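Before any comments, here is the structure.
All heavy atoms count here, side chains included; hydrogens, waters and symmetry mates do not. Lettering of chains follows the sequences in order, A, B, ..., and the numbering in each one begins at 1. Source: prediction; values computed, not measured.
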There are 2 protein chains.
Amino acid sequence: MSKESVSIGLSAAIVAVEGERPSVLVVAHDGAADALPFGPFDPAQQRTLESGLRKWVGEQTRFGLGYTEQLYTFGDKGRHESAAGTRVVSVGYLALTRQGKEAPETEWRGWYHYFPWEDWRDSKPAMIDSTILPALKKFVKDAPNAEAAELRRERVNVCFGEGWDEERVLERYELLYEAGLVEEFWRDSGRTNKGPSLGTPMLYDHRRILATAIARLRGKLKYRPVVFELMAPTFTLLELQRAVEALAGLRLHKQNFRRLVAEQGLVEGTGKFNAPVRGRPAELFRFRRVVLRERPAPGVRLGVRRSKAS
Amino acid sequence: MSKESVSIGLSAAIVAVEGERPSVLVVAHDGAADALPFGPFDPAQQRTLESGLRKWVGEQTRFGLGYTEQLYTFGDKGRHESAAGTRVVSVGYLALTRQGKEAPETEWRGWYHYFPWEDWRDSKPAMIDSTILPALKKFVKDAPNAEAAELRRERVNVCFGEGWDEERVLERYELLYEAGLVEEFWRDSGRTNKGPSLGTPMLYDHRRILATAIARLRGKLKYRPVVFELMAPTFTLLELQRAVEALAGLRLHKQNFRRLVAEQGLVEGTGKFNAPVRGRPAELFRFRRVVLRERPAPGVRLGVRRSKAS
DNA sequence: CGCATAATACTCATTTCGAGTATATATGTG
DNA sequence: CACATATATACTCGAAATGAGTATTATGCG
């Protein structure tokens, strides 16, 4: 067995929501592609991978992390190599925080810059019908044989066909990658893209890690009360709804959303009210930490709405 | 930064179901603890982590893997160290297969040997009330301070309290580990256990990886048709139900289970029937692969039953 | 035939879900 | 102040999903 050294890298998709904008902390040097905060894992100093993560994220970004969750470990050759030629295996994490002032070299960026097709809040993004589906149709036709074409057709249908499943963020990104619709595909294969390039590209496989993070978060929303990690200590129900909508990329039915949240005992009123610009003042609520004890799987069930009316 | 070398290990929880027994492929040397098939990742030879996995699993166990899924990457100090003292970071995988003849050195072992408290099919396992809860009560009392005690109380309640959530396999194992109720805790801390030791221990952190695998599989069952990876090409609905029950560790309501499976279009009848020992013959069904195209998130929803009757 | 046993079909009450209407409380405008 | 507008909150309604059960059908066996 040959002896080639491996090093472990840690990347984190650090997510916050500000009003209606879900954002991710990126390291942006001029000219170079945006990157997720990334650091090496030092086995001599750190007892666990996660403590290593917390340490250098703290150093690099001055952020205290709240909820963190490991996402996936990527070790693909060619996707990420260190200068010395050692193989880098990167472990991706999702971390939730309240948006604060970013440290030097980093900035908050709305995550739909990277995934414009994932935001269905206003309406179905036009690019899906105008660009994505035609290009994917071609991708199906270009399959090497009939069986492969059938497989591709199924994937296209599951990802972008009838019945939008907001959780399939990674599947959609991977499909667009294979179809050559995102810049990373051309960069990784060393060729030049002559077709459309969707969304803002990122360094290495960081957009894939971010896709994994969004997918995981959208799923988790429904059965664990993770949104509250992103909210201020008190908030109105509409603010909470907007945060969930921002993350899920969908509009929710207001009345039903409040019913669900209330029924599940996720929040309690504070008796105080906000001072709205117009309209009736809304009560400020806080998260009821006790539900973690009371209910086996509390989460913000979505209560999606399918019609147009509000 | 000190220079300590790291190596990557790959472990796989290879799962099959035989009748009512969910089982996992283990490497069992006499005397030594059972281990998951485990091998080093050779960065020089392998392009991706998964291809590395497939290669040595094939060599060691002669098994072709079907569905595989990465689970989690563990790097805790002390939980797994190589002879040379290098730090081993292990990437765990879940793989599903149909049970066949095992290769030398490996054998199929029912996974409830390792997690006897997870099988609620007959009834709530007696050990929970007789052993686990009393010991955990003591664990809560032994907390260093009141706040820690409260945290521990919440965890105990979520893991073993009212409302069994069959997916929390990992959380429960970790809690039992910290409370010193599984052998690995004492082995890892170099002390001798004088209290109860629950379930069969495994090498290194393999039981933790297996717990992660079971948790993931139990979750996935409900929204992806993964059970069919474990079934023969044709099967009766009761066989399918028994497989799901075996994995989930719960009994389901027969009539409702068939309604769900049928309504979702997961299976189609073959027109053939089995030859039962007694009773009316059951139709043999096969998995309808097309649902992967038709429905966004097909899965075997459970239809849990809460009463005793069949 | 008359059981026992299992498969399959059908019924029913309750809960959940999506959608919508109604009412309450604020601001701003003429 | 009356009224339009905007937002918050409460309540209603029908359709579908869910949990639980009864009824009927098809076998083998004594």
Side-chain angles (χ1 to χ4, degrees), chain A residues 19-20 163-164 166 222-223 234-242 244-245 248 250-285 295 297-310, chain B residues 19-20 163-164 222-223 234-242 244-245 248 250-285 295-310:
Chain A
E20 303 226 21
W164 181 257
E166 81 284 353
K222 294 174 195 150
Y223 61 96
T234 68
F235 45 82
T236 68
L237 292 180
L238 187 58
E239 283 164 0
L240 181 65
Q241 184 184 336
R242 292 289 177 243
V244 173
E245 288 176 341
L250 293 172
R251 284 286 167 215
L252 306 179
H253 186 282
K254 188 170 172 175
Q255 297 91 325
N256 290 344
F257 178 81
R258 52 174 40 246
R259 178 175 62 187
L260 282 177
V261 169
E263 266 173 6
Q264 291 186 106
L266 289 173
V267 298
E268 61 190 354
T270 61
K272 292 179 182 161
F273 291 80
N274 72 347
V277 187
R278 34 175 200 240
R280 173 173 167 176
E283 186 167 7
L284 292 168
F285 289 80
R295 294 176 54 90
V300 179
R301 273 173 301 162
L302 293 187
V304 180
R305 130 186 126 192
R306 299 199 217 284
S307 71
K308 42 254 74 212
S310 182
Chain B
E20 302 224 25
W164 180 257
K222 295 174 193 151
Y223 60 97
T234 69
F235 45 82
T236 69
L237 292 181
L238 187 59
E239 282 163 2
L240 181 65
Q241 183 183 337
R242 293 287 178 243
V244 173
E245 288 176 339
L250 294 172
R251 283 286 168 217
L252 307 179
H253 185 281
K254 188 172 175 175
Q255 297 91 324
N256 291 344
F257 179 82
R258 45 173 48 243
R259 177 175 64 186
L260 282 176
V261 170
E263 266 172 7
Q264 290 187 105
L266 289 172
V267 297
E268 60 190 355
T270 60
K272 291 178 183 163
F273 292 80
N274 71 349
V277 188
R278 36 178 197 238
R280 176 174 167 175
E283 185 167 8
L284 292 167
F285 289 81
R295 296 178 53 90
V300 179
R301 272 174 300 160
L302 293 188
V304 180
R305 132 184 125 193
R306 301 199 215 286
S307 70
K308 40 241 91 196
S310 181

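The side chain to side chain donor-acceptor pair (under 3.5 Å) pairs that include a residue from residues 270-283 of chain B number zero, where partners must be two or more places apart or lie in different chains.
Here the CG atom belonging to A/Leu240 is positioned 4.0 Å from the CZ atom belonging to A/Phe257, to the nearest 0.5 angstrom. Taken to the nearest 0.5 Å, the NE2 atom of A/His253 stands 9.5 Å off from the CD atom of A/Gln241. Distance check: A/Leu252 CG to A/Arg258 CZ gives 13.5 Å after rounding to the nearest 0.5 Å.
Atom pair A/Asn274:CG and D/dA6:P shows a separation of 17 Å (rounding to whole Å applied). Regarding A/His253, its NE2 atom lies at a distance of 16 Å from the P atom of D/dC13, rounded to whole Å. For the pair B/Leu238 CG and D/dA26 P, the computed distance is 19 Å after rounding to whole Å. Rounded to an integer number of Å, the gap from A/Leu284 CG to D/dT7 P is 17 Å. With rounding to whole Å, A/Glu263 atom CD is found 13 Å from C/dG18 atom C1'. Atom-to-atom, NZ of B/Lys272 to C1' of D/dT27 comes out at 20 Å; the value is rounded to the nearest Å. In this structure, B/Leu252 places its CG atom 13 Å from P of D/dT18, rounding to the nearest Å. Separating the CZ atom of B/Phe257 from the C1' atom of C/dA6 is a distance of 16 Å, rounded to the nearest angstrom.
Among residues two or more places apart in sequence or in another chain, the salt bridge (charged side-chain N to carboxylate O under 4.0 Å, His left out) test is passed with A/Arg242 by A/Glu20, A/Glu245. A search for side-chain hydrogen bond (donor to acceptor under 3.5 Å, both in side chains) contacts involving B/Arg259 returns B/Asn256, not counting sequence neighbours.
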Could you list, one pair per line, each protein nitrogen or oxygen that sits under 3.5 Å from a nitrogen or oxygen of nucleotides 9-11 of chain D, together with the distance?
from: D/dT9; atom 1: OP1; to: A/Glu283; atom 2: N; distance (Å): 3.0
from: D/dT9; atom 1: OP2; to: A/Arg258; atom 2: NH2; distance (Å): 2.2
from: D/dT9; atom 1: O5'; to: A/Arg258; atom 2: NH2; distance (Å): 3.3

Check: protein-nucleotides 28-30 of chain D nitrogen or oxygen pairs below 3.5 Å:
none

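Looking at A/Phe285 and A/Leu266, their side chains never come closer than 4.5 Å, going by heavy atoms from C-beta outward.
Closest of all the heavy-atom pairs between A/Pro281 and A/Pro276 is CA-CG, 3.7 Å.
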